[in-house]
Number of protein chains: 2
Amino acid sequence: MILDSETKAVELPDDHGTELRLWLRLLTCTTLIEGEVRSRLREKFDVTLPRFDLMAQLDKVSDGMTLSDLSKRMMVSNGNVTGLVERLVESGHLDRRTSETDRRVQFIRLTKTGRAEFRKMAAEHEKWIADVFSDLSPKDIRELMRLLAKAKGSAQRSAKARTA
Amino acid sequence: MILDSETKAVELPDDHGTELRLWLRLLTCTTLIEGEVRSRLREKFDVTLPRFDLMAQLDKVSDGMTLSDLSKRMMVSNGNVTGLVERLVESGHLDRRTSETDRRVQFIRLTKTGRAEFRKMAAEHEKWIADVFSDLSPKDIRELMRLLAKAKGSAQRSAKARTA
DNA sequence: TGCAATTTCTTTAAACTTCAAGCAATTGGC
DNA sequence: GCCAATTGCTTGAAGTTTAAAGAAATTGCA
């Protein structure tokens, strides 16, 4: 059903404009918030976002995790994590020890001070995020969660199909 | 109304857990898709995502734009754009000329080959994005667009309030 | 057992990114 | 006109990031 240039049905063949606009909006939102979090972390705690993210992963567990686990969860490269961990061990936030059963493996943990420092930052961080989304109703949030879950599933399927 | 640890209403004071989970989900989605786009751009066109993004901004206009415009639209720092533009001029994709009325200002444009090359990549890119979101119904997409617009507005308000 | 494949991690080069400082040009009062 | 403030851009240092190659250890299977 191709009409004329006024009705907008001429955007064939294959109009994928809406998906593209969705992606750009998603990206804009994330970049905006990420920048905000980055600024505040630097301002209030003089810490970088990647360091905060890494510590956040480690805070979820009590007994440490390997570099590979970290890189999977953070969705960054292995070499990236090596460097980040190195600097965080250096600054006393992290603790590393080699597995006794597999000498390739390193278990990384937050040190006592590392965890304490992170918890302080995390409490503030949670408030910032709450403020960032404070124009959204509980229903908006539920709905966004649901749709983003669906989008995530779709994206994973798409990525998997390419690699396969 | 504080109950007990089973009912989950004990998460006071100030439960901001849902907002935090929303942010993490948003970030995961974006990171996932961004990584996918990055891989495909490198694979098929041997180009980096930042270069593609910069060219995408320039493709929207016919007569070029300044470095400041670029950095605002891309939401990255000024110094970042300086380097990116430098490399893209070097590779023949961009063209720069100094304003005649204000000698601080540089107008940046896509070259003929730069634009042609970008258009080819953009056409593919649009298809990838369509595939990424192909599990979502038109209604899902509309709803996501609406909610992300609201989230963006909220985030902007929050950021503005901090800077002010 | 032997050894090829896999896994874990590190290293390297190049690119990207931010922040802060700085330079040059312009603007806006006065 | 003067000059302080602002604007546009560049530079430099530190850090982050990826991709690719490689080293070391383990695993799995013939």
Side-chain angles (χ1 to χ4, degrees), chain A residues 30-32 34-55 57 64-91 93-94 96-108 163, chain B residues 27 30-32 34-55 64-91 93-94 96-108 163:
Chain A
T30 301
T31 305
L32 194 60
E34 202 173 83
E36 190 58 19
V37 171
R38 187 192 308 280
S39 293
R40 297 202 197 196
L41 280 176
R42 172 171 294 268
E43 243 175 54
K44 316 268 178 181
F45 299 110
D46 193 34
V47 74
T48 64
L49 184 53
R51 281 173 208 220
F52 179 82
D53 284 344
L54 195 151
M55 288 193 274
Q57 293 301 327
M65 109 186 8
T66 69
L67 287 180
S68 290
D69 287 340
L70 274 172
S71 81
K72 272 180 210 113
R73 293 194 193 218
M74 296 176 71
M75 298 196 283
V76 300
S77 70
N78 237 323
N80 189 350
V81 173
T82 294
L84 275 172
V85 165
E86 198 168 73
R87 288 184 286 271
L88 281 165
V89 167
E90 169 69 25
S91 64
H93 295 85
L94 265 44
R96 73 199 307 173
R97 70 201 147 77
T98 304
S99 165
E100 289 172 10
T101 60
D102 186 339
R103 275 179 303 174
R104 291 168 304 177
V105 176
Q106 311 251 359
F107 289 109
I108 314 295
T163 316
Chain B
L27 187 54
T30 301
T31 306
L32 194 59
E34 201 174 85
E36 191 57 21
V37 171
R38 188 192 308 280
S39 293
R40 297 202 199 197
L41 281 176
R42 172 169 294 268
E43 245 174 51
K44 316 269 179 181
F45 300 109
D46 193 33
V47 74
T48 65
L49 184 52
R51 279 163 150 97
F52 179 82
D53 284 343
L54 194 151
M55 288 194 274
M65 100 184 21
T66 68
L67 287 180
S68 291
D69 287 341
L70 274 171
S71 81
K72 272 180 210 113
R73 292 193 193 219
M74 295 177 71
M75 299 196 282
V76 299
S77 69
N78 238 322
N80 189 352
V81 173
T82 294
L84 276 171
V85 165
E86 197 169 75
R87 288 184 285 273
L88 281 165
V89 167
E90 169 69 25
S91 64
H93 294 85
L94 302 187
R96 74 199 306 173
R97 70 202 146 77
T98 304
S99 165
E100 290 172 9
T101 59
D102 185 339
R103 276 178 303 174
R104 291 169 305 178
V105 177
Q106 310 252 0
F107 289 108
I108 314 295
T163 315

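Since the model is a prediction, treat every value here as computed from it, not as a measurement. Per chain, numbering begins at 1; letters A, B, ... match sequence-line order.
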>> Measuring from the side chain of A:Arg38 (C-beta onward, heavy atoms only), which nucleotide among C:dT18, C:dT10, C:dT7 has the closest atom?
In response: C:dT18

>> Side chain of A:Asn80 only, heavy atoms from C-beta on: which candidate in D:dA25, C:dA25, D:dT17 is closest?
In response: D:dT17

> So which heavy atom on A:Ser71 is nearest to which on A:Ser77, and how close?
Replying inline: CB-O, 3.9 Å

> Want to settle it: does A:Leu49 or B:Arg42 sit nearer the 5' end of DNA chain D, counting the closest nucleotide to each?
Replying inline: A:Leu49

> Taking the side chain of A:Glu86 as its heavy atoms from C-beta onward, which of C:dA24, C:dT17, C:dT11 lies nearest to it?
Replying inline: C:dT11

> At under 4.0 Å, does any side-chain N or O of A:Arg51 touch on OP1 or OP2 of D:dT16?
Replying inline: yes

> D:dT18, D:dC9, D:dT16: which one has an atom nearest the side-chain heavy atoms of A:Ser77?
Replying inline: D:dT18

> Of the nucleotides C:dT17, C:dT26, D:dT16, which has the atom closest to the B:Leu84 side chain?
Replying inline: C:dT17

> Which nucleotide sits closest to the side chain of A:Gln106: C:dT10, C:dA24, C:dT6?
Replying inline: C:dT10

> Looking at D:dT16, D:dA25, C:dA15, which one has an atom nearest to any side-chain atom of B:Arg87?
Replying inline: C:dA15

>> Under 4.0 Å, counting only non-hydrogen atoms across every strand here, what does B:Thr82 touch: a base, just sugar-phosphate, or nothing?
In response: base

> When you match B:Asn78 and A:Thr48 each to their closest nucleotide on DNA chain D, which lands nearer the 5' end?
Replying inline: B:Asn78

>> Any base atoms under 4.0 Å from B:Ser99, or only sugar-phosphate, or nothing? Heavy atoms, all strands.
In response: nothing

